[in-house]
Amino acid sequence: MEFTKEATRKRLRKLSDEKYREFHSGLVPGKDNILGVRIPKLRAFAKEICREDWRLWLSLNKEALEASEVLYEEILLQGLVIAGGRDASFEELLKNIREFVPYIDNWAVCDTFCASLKQTKKHKKEMWEFLQPYLESDKEYFIRFGVVMLLDYYVDREYLEKLYAVFDSIHHEGYYVKMAVAWALSVCYVKFPKETMRYLKNNKALDDFTYNKAIQKTCESYRVEPEEKERLKTMKRKSVG
């Protein structure tokens with residue numbers, strides 16, 4: 001496999017789908033640099049790279065990330081290769097994540113990257129500590145990265161109260177931060193309905209938008225019983241139009 005920017009772009013264009021580009025561009029506001037490569041094909045491409053000298057590819061592709069005309073798929077592919085890099089120590093993984101997160105500028109790259117970091121399951125304590133500066137950041141996608149990592153890997157009994165405390169501590173006006181927290185709380189409710197109901201009923205820290213969105217997203221889940229949804233709807237804060 002040829003490890004050059006031109007070779008990578010040529011492969012990405014070959015994998016692209018115009019109809020998917022039109023569809024996905026509408027889901028990622030402000031993005032006009034999308035080729036339209038479906039996630040399964042990107043994952044397959046990343047796996048090919050990971051079977052080769054993936055460290056060399058990462059270093060070369062990083063130059064593409066720093067270019068003004070960087071493609072959406074180039075950023076996402078970098079994240080997928082970082083997550084799938086063979087024989088990487090956990091320390092090396094964290095180093096690569098730290099270098100990659102500043103390039104995240106939309107929800108799709110963020111969420112796909114987080115879902116790919118399966119090594120977290122074996123290193124939950126270490127990753128928890130690693131995530132804290134992101135959760136305390138003033139940058140929208142740094143925080144979203146942290147919150148989505150929490151909802152992907154930490155919604156369990158051991159971390160539940162810590163999650164509630166983190167959500168209470170986040171005060172950022174970014175839409176994608178608020179939606180991530182709302183999404184995370186809906187996941188908490190599905191897995192721990194009694195505890196999360198108690199949290200919501202007594203909550204004073206969440207802003208009205210995030211609180212109401214958490215209830216809305218919970219009610220959208222097919223795993224929540226109809227009578228529970230009706231009860232949740234009565235808990236919405238009236239101050240939001």
Side-chain angles (χ1 to χ4, degrees), residues 1 3 8 11-12 15-17 20 24 27-28 31 33-62 64-65 70-135 137 139-156 159 163 176-177 179-181 183-184 187:
M1 183 181 297
F3 284 4
T8 297
R11 178 69 178 278
L12 288 171
L15 295 172
S16 66
D17 180 327
Y20 182 71
H24 198 55
L27 299 178
V28 186
K31 285 294 172 190
N33 60 342
I34 295 176
L35 291 177
V37 183
R38 296 177 184 273
I39 294 297
K41 291 186 177 181
L42 272 176
R43 290 193 185 281
F45 189 11
K47 286 182 179 180
E48 284 186 42
I49 295 169
C50 289
R51 287 195 289 267
E52 308 260 349
D53 188 347
W54 58 270
R55 292 180 177 87
L56 173 61
W57 185 89
L58 283 179
S59 66
L60 295 175
N61 192 65
K62 189 174 179 181
L65 269 58
V70 59
L71 296 172
Y72 163 84
E73 284 84 359
E74 287 174 324
I75 299 174
L76 188 47
L77 188 60
Q78 184 89 357
L80 294 176
V81 172
I82 287 171
R86 294 184 172 190
D87 69 19
S89 67
F90 191 66
E91 290 71 24
E92 182 180 10
L93 174 65
L94 294 184
K95 173 182 176 294
N96 289 335
I97 293 172
R98 190 179 294 111
E99 293 178 354
F100 177 72
V101 171
Y103 294 104
I104 297 175
D105 64 353
N106 64 82
W107 67 266
V109 168
C110 177
D111 298 3
T112 305
F113 181 54
C114 291
S116 303
L117 294 172
K118 305 297 186 184
Q119 303 93 320
T120 300
K121 296 176 182 179
K122 295 182 179 180
H123 302 273
K124 291 183 71 170
K125 291 183 178 179
E126 299 93 328
M127 183 63 85
W128 176 271
E129 294 302 320
F130 176 79
L131 293 173
Q132 298 314 301
Y134 295 98
L135 294 164
S137 174
K139 297 180 180 179
E140 183 171 14
Y141 285 104
F142 277 36
I143 304 174
R144 184 176 176 99
F145 165 71
V147 173
V148 175
M149 286 294 291
L150 297 188
L151 73 88
D152 277 344
Y153 303 106
Y154 292 90
V155 182
D156 57 35
Y159 285 93
L163 294 184
Y176 291 100
V177 169
M179 292 302 291
V181 172
W183 177 20
V187 175

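Side chains included, hydrogens not; waters and symmetry mates left out as well; all remaining heavy atoms used. Here the structure is a predicted model, which means the values were calculated and not measured.
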Do the side chains of Trp183 and Asp111 get nearer than 4.5 Å, heavy atoms only? yes
What verdict does the side chain to side chain contact (heavy atoms under 4.5 Å, CB included) test give for Leu65 and Glu99, after you've listed the backbone C-alpha separation in whole Å, the side-chain angles of each residue and the deciding distance to 0.1 Å? CA-CA 11 Å; Leu65 269 58; Glu99 293 178 354; over 6 Å; no
Nearest-0.5 Å distance that lies between atom CH2 in Trp128 and atom CG in Leu150: 5.5 Å
Can you measure from CZ (Phe100) to OH (Tyr103) and round to the nearest 0.5 angstrom? 9.5 Å
Donor-acceptor pair, Glu73 side chain versus Ile34 backbone, under 3.5 Å? no
Specify the closest pair of heavy atoms between Cys50 and Gly85, including all atoms of both residues, with the distance to one decimal. SG-N, 3.8 Å
Evaluate the side-chain proximity of Phe113 to Val148: yes if any heavy-atom separation is below 4.5 Å, no if none is. no
Below 4.5 Å, heavy atoms only, C-beta onward: do Ile39 and Leu80 meet side chain to side chain? no
Out of curiosity, Leu60 CG to Trp57 CH2, how far, rounded to the nearest 0.5 Å? 9.5 Å
Take Asn96 and Val81 through the side chain to side chain contact (heavy atoms under 4.5 Å, CB included) test and state the conclusion after the steps. CA-CA 10 Å; Asn96 289 335; Val81 172; over 6 Å; no
Geometric class of the Phe145/Tyr134 ring pair [parallel <30°, tilted 30-60°, perpendicular >60°]: perpendicular
Does any pair with a residue in residues 117-126 pass side-chain hydrogen bond (donor to acceptor under 3.5 Å, both in side chains), and if so which ones, sequence neighbours excluded? Lys124-Asp156
Report the distance from atom CH2 of Trp54 to atom CD1 of Ile49, rounding to the nearest 0.5 Å. 12.0 Å
Within the structure provided, determine whether Cys114 and Arg144 are in side-chain contact (heavy-atom separation under 4.5 Å). no
Shortest non-hydrogen separation from Thr8 to Leu77 and the atoms involved: CG2-CD2, 4.0 Å
Nearest heavy atoms of Arg55 and Arg86, plus distance in Å: NH2-O, 4.1 Å
Show your working on side chain to side chain contact (heavy atoms under 4.5 Å, CB included) between Phe45 and Val37 and close with a plain yes or no. CA-CA 10 Å; Phe45 189 11; Val37 183; over 6 Å; no
Quick check for you: to the nearest 0.5 Å, what is the distance between Leu131 atom CG and Ile143 atom CD1? 12.5 Å
Which pair of non-hydrogen atoms, one from Phe3 and one from Asp53, has the smallest distance, and what is that distance? CE2-O, 3.0 Å
Tell me if a side-chain donor or acceptor on Tyr141 pairs with a main-chain N or O of Val177 at a distance below 3.5 Å. no
Spatial distance of atom CG (Leu12) from atom CG (Leu71) [nearest 0.5 Å]: 7.0 Å
Which residues satisfy the side chain to side chain contact (heavy atoms under 4.5 Å, CB included) test with Asp105, sequence neighbours excluded? Lys31
What are the two closest heavy atoms between Glu92 and Asp87, and how far apart are they? OE1-O, 4.5 Å
So which heavy atom on Cys110 is nearest to which on Ile104, and how close? CB-CG2, 3.6 Å
Has the side chain of Trp107 got a donor or acceptor atom that lies under 3.5 Å from a matching backbone atom of Leu27? yes
